[in-house]
**Student:** 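Structure in structure tokens, see below.
By convention in this document, chain letters (A, B, ...) are assigned in the order of the sequence lines, proteins followed by strands, and residues within each chain are numbered from 1. The analysis underlying the following values was restricted to heavy atoms, covering all of them including side chains, and did not include hydrogens, waters or symmetry mates.
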Amino acid sequence: MDYHFKDLESKWQKIWAEDKLYRAVPDKARPKYYVLEMFPYPSGRIHMGHVRNYTIGDVVARYKILQGFQVLHPMGFDAFGQPAENAAIKHKSDPETWTLKCIDWMKQELLRMGFSYDWDREISTCLAEYYRWNQWIFLKMLERGLAYKKASSVNWCPSCETTLANEEVVDGGCWRCHTPVVEKELEQWYLKITAYSDCLLDDLGGLENWPERVIAMQKNWIGKSFGVEIFFKLEKGDILRVFTTRPDTIFGATYVVLAPEHPLVKKLISGKPQEQEVLRFIDRVAKETKLARVAEDVKKEGCFTGAYAVNPVNGEKIPVWVADYVLMEYGTGAIMAVPTHDQRDFLFAKEHGLPMRVVIQPKDQPLVVETMQEAFETEGVMVNSGVFDGQDSSGAKKKISLWMEDKMMGKIAVHWRLRDWLISRQRYWGTPIPVVYCASCGVVGVPEKDLPVVLPKNVTFTGEGGSPLAKVKEFVETKCPKCGKPARRETDTMATFIDSSWYFLRFCSPQCATAPFDKEEAAYWMPVDQYIGGIEHAVLHLLYSRFYTKFLADLGLVAVREPFQRLLTQGMVLKEGEVMSKSRGNIVDPDEIIKNYGADTLRLFILFAAPPEAELDWNDKGMDGAWRFLNRVWRLADGLGTAAGGSRMSSQGLDAVVKKMHQTIKKVTSDMEGGFKFNTAISSIMELVNELYKLTEDEQRSSVAAQAVRVLVVLLAPFVPHICEEMWRMLGNKTSVFKASWPSFDPSLLVEEEATYVVQVNGKVRSRLLLSVDAGEEEVKQAALADPKVREWTAAKAVHKVIVVPKKLVSIVAS
RNA sequence: GCCGGGAUGAUGAAAUUGGCAAACAUAACGGACUUAAAAUCCGUCGGCCGCAAGGCCUUGAGGGUUCAAGUCCCUCUCCCGGCACCA
């Protein structure tokens, strides 16, 4: 009987679904395992990246099922977002119809891959039953001051016509369409993620099973720096606060610089001869795009304000400048400039003829201001620094900070790069922000009992910009929940990253109608034991989810403070070293491959070709190889496997098969436990198959061979479930292979009686010896020295040293 | 500049964490079966020298530690990714 993947795969997909084989059922008496892959945006078609992502998760889920865990492996759709809105404008339809159709197509494709999802738990974030809980969580944040509205300079994508969070700006452009982002002054809603800066950073330390680079990226993004805020007295009694991480250089500050946007600038220059010049400068800087302003080769520009500040440590009066190299968003928007020990200050001082003073001397060659070519930024001995002269600069940092604090000259401070999360979007296809504006009561949150604030359906899309909801009169006009007077609804919607920030909790109890999720269910299933997805979410989604989990934990709704125990970031699928994309025209369509080879072959190729974290170059020949292997296994099951209960014979070949079988169980198990090394797990299964092919026809009819095939089928089942299910039944089993249990190996069968010792003379392999494993060190040593080949190489030499590594190797040093 | 990850046959990749480098597969070549092809099965397959036995060399480059280094340490080159006028 040939391997007809087509009938076989659809047959089992249907039966598995009917039998609800993958239903997740909590059972406190048994260990749980929650495996989750990042859910897709329903674009309508799955691509190879999805296939790889979901195949990895599926193998994990099936392996854990076979290990006897209660497995939760859900799937859903991240269904809000701009593409649906754009498609609606283009096709003159509405985003909901379009999205639901896409979900349907995509689900059919996922079903054809045979993934082990509990489809009863499917969620779509665009449904009111889901997004009402976005609103609910938002209101909880509003109550606690963690959601707030403020006017500020924001990132604006001119093409998407909406604001963007800092995390959504990639290389100065929009993360979705790459259009350069511009700044705009707007009043917008924010979530106070910075309230969690400290634990978002500290808890990274506990994420031992996260990739190093994701941790590093999040650390970078949060950007904690320790330093001092120093108080400089200005004229008219104003105090200028300046942040520095180098308090050890304070005695070398020869001027201070404010960002052009700094609130004190206008006051400082008022009435000064420099006033007009400074105003012109500020105006010019304001017109520059952020990208141009931070461009690397641009010369730093600035001008003198005419004002002076007093350095608190030495009473020195130093000039106050305004310059474009100081950013309002970071620190206090003002710096002290130490040209001798900061390269940017150095260049600026040279350009504008500002004074310089050395306060840190390197240990070898003393610095002279006049001959310095660049700033000296490393540590050394402090000079010109009053009572700190002669001290080591790195050691003095802390002392000088405490001293300044003590003398009220400044205070020890920590600054962060992380900004609050801007969540307002001027788009339609998202969660309405549940807020009402009342002339007498102000900003009023929609009461919980009035949720959800439903997204209206009768909206026309003009593509002209501005929040589409603002044009829907019936939506905008409402009554104030507090006083009952006419009021106006917020017409912006929430950023779609909100939807994915807690969906993993919703999967624990997707039908829960009284809360975002059932506390008990979440207590059982959380945290996600294994999360799998692309590296592109290293900061965005993964940071937001960590924030949400911490907030929900503070509400007492969930016990864990970190959502994802282990994280696997799968590599990209490439074609000839390039990303698959429509514009390159190099897309390999999963549906085509499934049609020609079947889902199992596709899965096997993807799993075997590279470890899951590594990039995977698509290779048609590799597909053929996977296909050949499955056929090879099929013939094995079809031929010798069916001889169950066959003759009880023993032979060398069968002994080898038994040994190999136990080795394979051990290897596959340890590859799965030690980080999902699917490629090597599969290669060891291939070795077992090769061993079975070496048997004679008689040997193949033996019960030993049949047993080996049974084990083989179970070991292979997580990787290629359909063919294994079929083979399992061919072997006479009446229930699913996934009801079987993972085989265990007998360590005693793996113990060798003899070991091959490699014998090295002066580091080179010269001979091999087959010796009993019980041989003592001295015995091994003598045997090695007596070996004729060894004697050839040691003749006329004195043996100085002999090292014996039990069961492995003898190393002889002779000269 | 700072941080993180890499570099191994013609190719994708292995290497029990310091103990026989190249498992498994792909491509290529050879053989068996066949009238022939496909499929299948078996074999060869890092480089150089050699008829062979065997020897020498080989994990981006150079140095070091060690009986022993792809693996540890130092210096350097190149590639990928993140952050960055961050004070």
Side-chain angles (χ1 to χ4, degrees), chain A residues 170-171 211-225 227-228 230 242-246 249 256-257 259 293-296 298-300 323-327 329-338 341-345 347-348 377 415-417 535-536 538-539 569 604-605 608-611 613-626 628-629 631-632 635 666-667 670-671 674 677 679-687 689-690 693-694 756-768 789 800-814:
Chain A
V170 179
D171 291 330
E212 214 41 61
R213 60 174 173 160
V214 176
I215 306 247
M217 281 158 83
Q218 293 216 357
K219 267 188 193 157
N220 264 340
W221 191 261
I222 297 167
K224 184 180 196 179
S225 48
V228 185
I230 303 173
V242 150
F243 179 67
T244 183
T245 53
R246 292 292 305 273
T249 64
V256 293
V257 190
R293 189 167 156 188
V294 301
E296 223 167 275
V298 172
K299 210 195 289 176
K300 329 275 176 237
D324 60 358
Y325 78 98
V326 176
L327 306 174
E329 308 92 84
Y330 188 76
T332 60
I335 61 156
M336 64 173 201
V338 186
H341 305 294
D342 181 283
Q343 185 61 17
R344 289 156 306 173
D345 297 343
L347 293 172
F348 192 81
E377 294 183 320
H415 280 263
W416 304 84
R417 217 192 71 92
I535 186 73
E536 65 274 16
V539 178
T569 50
L604 185 71
F605 164 67
F608 179 62
E613 300 85 359
E615 284 179 343
L616 166 67
D617 212 6
W618 184 266
N619 179 345
D620 292 327
K621 295 287 183 206
M623 277 299 301
D624 290 336
R628 272 200 294 270
F629 174 70
N631 278 282
R632 214 166 133 82
R635 285 193 298 273
K666 185 182 179 191
K667 173 71 175 155
S670 72
D671 277 349
K677 297 179 199 153
N679 54 333
T680 50
I682 291 167
S683 75
S684 72
I685 295 173
M686 286 174 170
E687 286 180 53
V689 171
N690 290 344
Y693 264 81
K694 285 184 197 159
T756 305
Y757 280 82
V758 170
V759 186
Q760 297 181 339
V761 179
N762 290 335
K764 292 214 155 72
V765 179
R766 297 303 181 189
S767 185
R768 276 159 233 274
K789 281 191 215 130
H800 301 294
K801 203 170 174 185
V802 180
I803 292 140
V804 176
V805 180
K807 291 187 247 177
K808 271 198 182 132
L809 163 145
V810 182
S811 184
I812 298 165
V813 189

**Student:** How many whole angstroms separate atom OH of Y330(A) from atom P of C86(B)?
**Tutor:** 9 Å
**Student:** Using the C1' atom in both, what is the distance from G50(B) to C73(B), to the nearest Å?
**Tutor:** 40 Å
**Student:** Would you mind telling me which of A84(B), C24(B), C67(B) lies closest to the side-chain atoms of I803(A)?
**Tutor:**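 When the side chain of I803(A) is considered, C67(B) is the closest of A84(B), C24(B), C67(B).
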**Student:** Taking D342(A) for its side chain and A337(A) for its backbone only, find out whether a donor-acceptor pair lies under 3.5 Å.
**Tutor:** no
**Student:** For G1(B) and C56(B), measure between their P atoms and round to the nearest Å.
**Tutor:**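 Each nucleotide's P atom is 44 Å from the other's.
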**Student:** Distance check, C1' atoms only: C78(B) and G62(B), in whole angstrom units.
**Tutor:** 15 Å
**Student:** Heavy atoms from C-beta onward define the side chain here; which of C42(B), A87(B), G82(B) lies closest to that of T244(A)?
**Tutor:** A87(B)
**Student:** If we call it a pair only when both distances are under 3.5 Å in a Watson-Crick or G-U wobble match, what pairs with A52(B)?
**Tutor:** none
**Student:** Only pairs under 3.5 Å count here: list side-chain donor-acceptor contacts from residues 216-224 of chain A, not counting sequence neighbours, and write none if there are none.
**Tutor:**
| unit_1 | atom_1 | unit_2 | atom_2 | d |
| --- | --- | --- | --- | --- |
| Q218(A) | OE1 | R546(A) | NH1 | 2.8 |
| Q218(A) | NE2 | A538(A) | O | 2.8 |
| W221(A) | NE1 | E167(A) | OE2 | 2.9 |
| K224(A) | NZ | D198(A) | OD1 | 3.3 |

**Student:** Report the glycosidic orientation of U65(B): syn if within 90° of 0, anti in every other case.
**Tutor:**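 Nucleotide U65(B) adopts anti.
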**Student:** Please report the distance, rounded to the nearest Å, between NE2 in H800(A) and P in A68(B).
**Tutor:**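 So the two atoms are 13 Å apart, to the nearest Å.
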**Student:** Report the nucleotide, chosen from A87(B), C41(B), G4(B), that has the shortest atom-to-atom distance to any side-chain atom of R635(A).
**Tutor:** C41(B)
**Student:** Mind calculating the distance between CG (N220(A)) and C1' (G5(B)) to the nearest angstrom?
**Tutor:**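 My rounded result for the distance is 13 Å.
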**Student:** Could you tell me how far C72(B) sits from A7(B) if I compare only their P atoms? Round to whole Å.
**Tutor:** 11 Å
**Student:** Are R628(A) and A25(B) close enough that a side-chain N or O sits under 4.0 Å from OP1 or OP2?
**Tutor:**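 Indeed not, no polar side-chain atom of R628(A) lies that close.
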**Student:** Drop me the distance from K667(A)'s NZ to S683(A)'s OG, to the nearest 0.5 angstrom.
**Tutor:**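 Answer for the NZ-OG pair, K667(A) versus S683(A), is 6.5 Å.
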**Student:** What does V813(A) touch in the nucleic acid at a heavy-atom separation under 4.0 angstrom: a base, only the sugar-phosphate, or nothing?
**Tutor:**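 If one applies the 4.0 Å heavy-atom cut-off, V813(A) turns out to touch the sugar-phosphate alone, with no base involved.
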**Student:** Can you check whether K807(A)'s main-chain N or O pairs, donor with acceptor, with Y757(A)'s side chain at less than 3.5 Å?
**Tutor:**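 Pair found, side chain donor or acceptor close to backbone of K807(A).
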**Student:** When all nucleic acid strands are considered with a 4.0 Å heavy-atom cut-off, which category describes G625(A): base, sugar-phosphate, or nothing?
**Tutor:** sugar-phosphate
**Student:** Which value, in whole Å, describes the distance between the C1' atoms of nucleotides C2(B) and G12(B)?
**Tutor:**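 Pairwise C1' distance, C2(B) against G12(B), rounds to 34 Å.
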**Student:** Just how far, in rounded Å, is C1' of A25(B) from CZ of R632(A)?
**Tutor:**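 That distance rounds to 12 Å.
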**Student:** Rounded to the nearest angstrom, tell me the gap between atom CG in D620(A) and atom C1' in A27(B).
**Tutor:**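 After rounding, the gap between these two atoms is 14 Å.
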**Student:** Counting just side-chain N and O atoms, does N690(A) come under 4.0 Å of either OP1 or OP2 of A25(B)?
**Tutor:**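 N690(A) to A25(B) OP1/OP2: side-chain N or O found under 4.0 Å.
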**Student:** Hunt down the Watson-Crick or G-U wobble partner of A87(B), both distances under 3.5 Å, from any strand shown, or write none.
**Tutor:** none
**Student:** Going 5' to 3' through nucleotides 6-14 of chain B, assign each nucleotide B (protein heavy atom under 4.0 Å from a base atom), S (under 4.0 Å only from sugar-phosphate atoms) or - (no protein heavy atom that close).
**Tutor:** ------BSS
**Student:** Decide whether a cation-pi geometry holds between R632(A) and Y693(A); the criteria are a distance under 6.0 Å from NZ or CZ to the six-membered ring centre and an angle within 45° of the ring axis.
**Tutor:**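 Yes, a cation-pi geometry.
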**Student:** How far does the P atom of G9(B) sit from the matching atom of G47(B), given to the nearest Å?
**Tutor:** 12 Å
**Student:** Looking at C20(B), G19(B), G4(B), which one has an atom nearest to any side-chain atom of V758(A)?
**Tutor:** C20(B)
**Student:** Please determine, for the side chain of V326(A), which listed nucleotide (A87(B), A25(B), C41(B)) has the closest atom?
**Tutor:** A87(B)
**Student:** Does any N or O in the side chain of R417(A) come within less than 3.5 Å of the main-chain N or O of Y330(A), such that one atom is a donor and the other an acceptor?
**Tutor:**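 No; zero donor-acceptor contacts below 3.5 Å.
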**Student:** Provide, to the nearest angstrom, the distance between the CZ atom belonging to F629(A) and the P atom belonging to A39(B).
**Tutor:** 19 Å
**Student:** Could you measure the distance from the CG atom of D671(A) to the CD1 atom of I685(A)? Nearest 0.5 Å is fine.
**Tutor:** 9.5 Å
**Student:** Taking syn as any angle within 90 degrees of 0 and anti as the rest, which one fits G9(B)?
**Tutor:**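 Here the answer is syn: the torsion falls within 90° of 0.
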**Student:** Pick base, sugar-phosphate or nothing for Q760(A), based on heavy-atom distances below 4.0 Å to the nucleic acid.
**Tutor:** base
**Student:** Does A87(B) have OP1 or OP2 sitting under 4.0 Å from an N or O in the side chain of R344(A)?
**Tutor:** no
**Student:** Tabulated below should be each protein N or O lying under 3.5 Å from an N or O of nucleotides 52-56 of chain B; please produce it.
**Tutor:**
| unit_1 | atom_1 | unit_2 | atom_2 | d |
| --- | --- | --- | --- | --- |
| C56(B) | OP1 | R766(A) | NH2 | 3.1 |
| C56(B) | OP2 | R766(A) | NH1 | 3.3 |

**Student:** Could you work out the separation of A25(B) and A15(B) based on their P atoms and round it to a whole Å?
**Tutor:** 16 Å
**Student:** Roughly how many Å is it from CD in E377(A) to P in A87(B), rounded to a whole number?
**Tutor:**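 One finds 11 Å between P of A87(B) and CD of E377(A), rounded.
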**Student:** Between G18(B) and C67(B), how many Å separate the two C1' atoms, rounded to a whole number?
**Tutor:** 12 Å
**Student:** If you compare every side-chain N and O of K801(A) against the phosphate oxygens of C67(B) (OP1, OP2), does one of them come in below 4.0 Å?
**Tutor:** yes
**Student:** Just checking V214(A): base, sugar-phosphate only, or nothing, at a heavy-atom cut-off of under 4.0 Å?
**Tutor:**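 Here V214(A) touches no strand at all.
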**Student:** Is the backbone N or O of I812(A) less than 3.5 Å from a side-chain atom of Q760(A), with the two atoms forming a donor-acceptor pair by type?
**Tutor:** no
**Student:** Quick one: CG on N619(A) to CG on D624(A), what's the gap to the nearest 0.5 Å?
**Tutor:** 8.5 Å
**Student:** Once you round it to whole Å, what is the distance between C1' of G82(B) and CD1 of I222(A)?
**Tutor:**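 I222(A) atom CD1 is separated from G82(B) atom C1' by 14 Å.
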**Student:** Please work out if D345(A) contacts a base, only the sugar-phosphate, or nothing of the nucleic acid, heavy-atom cut-off 4.0 Å.
**Tutor:**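 Nothing: the residue D345(A), judged by heavy atoms under 4.0 Å, touches no strand.
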**Student:** I want to verify a distance call: between U16(B), G4(B), C24(B), whose nearest atom is closest to the A216(A) side chain?
**Tutor:** G4(B)
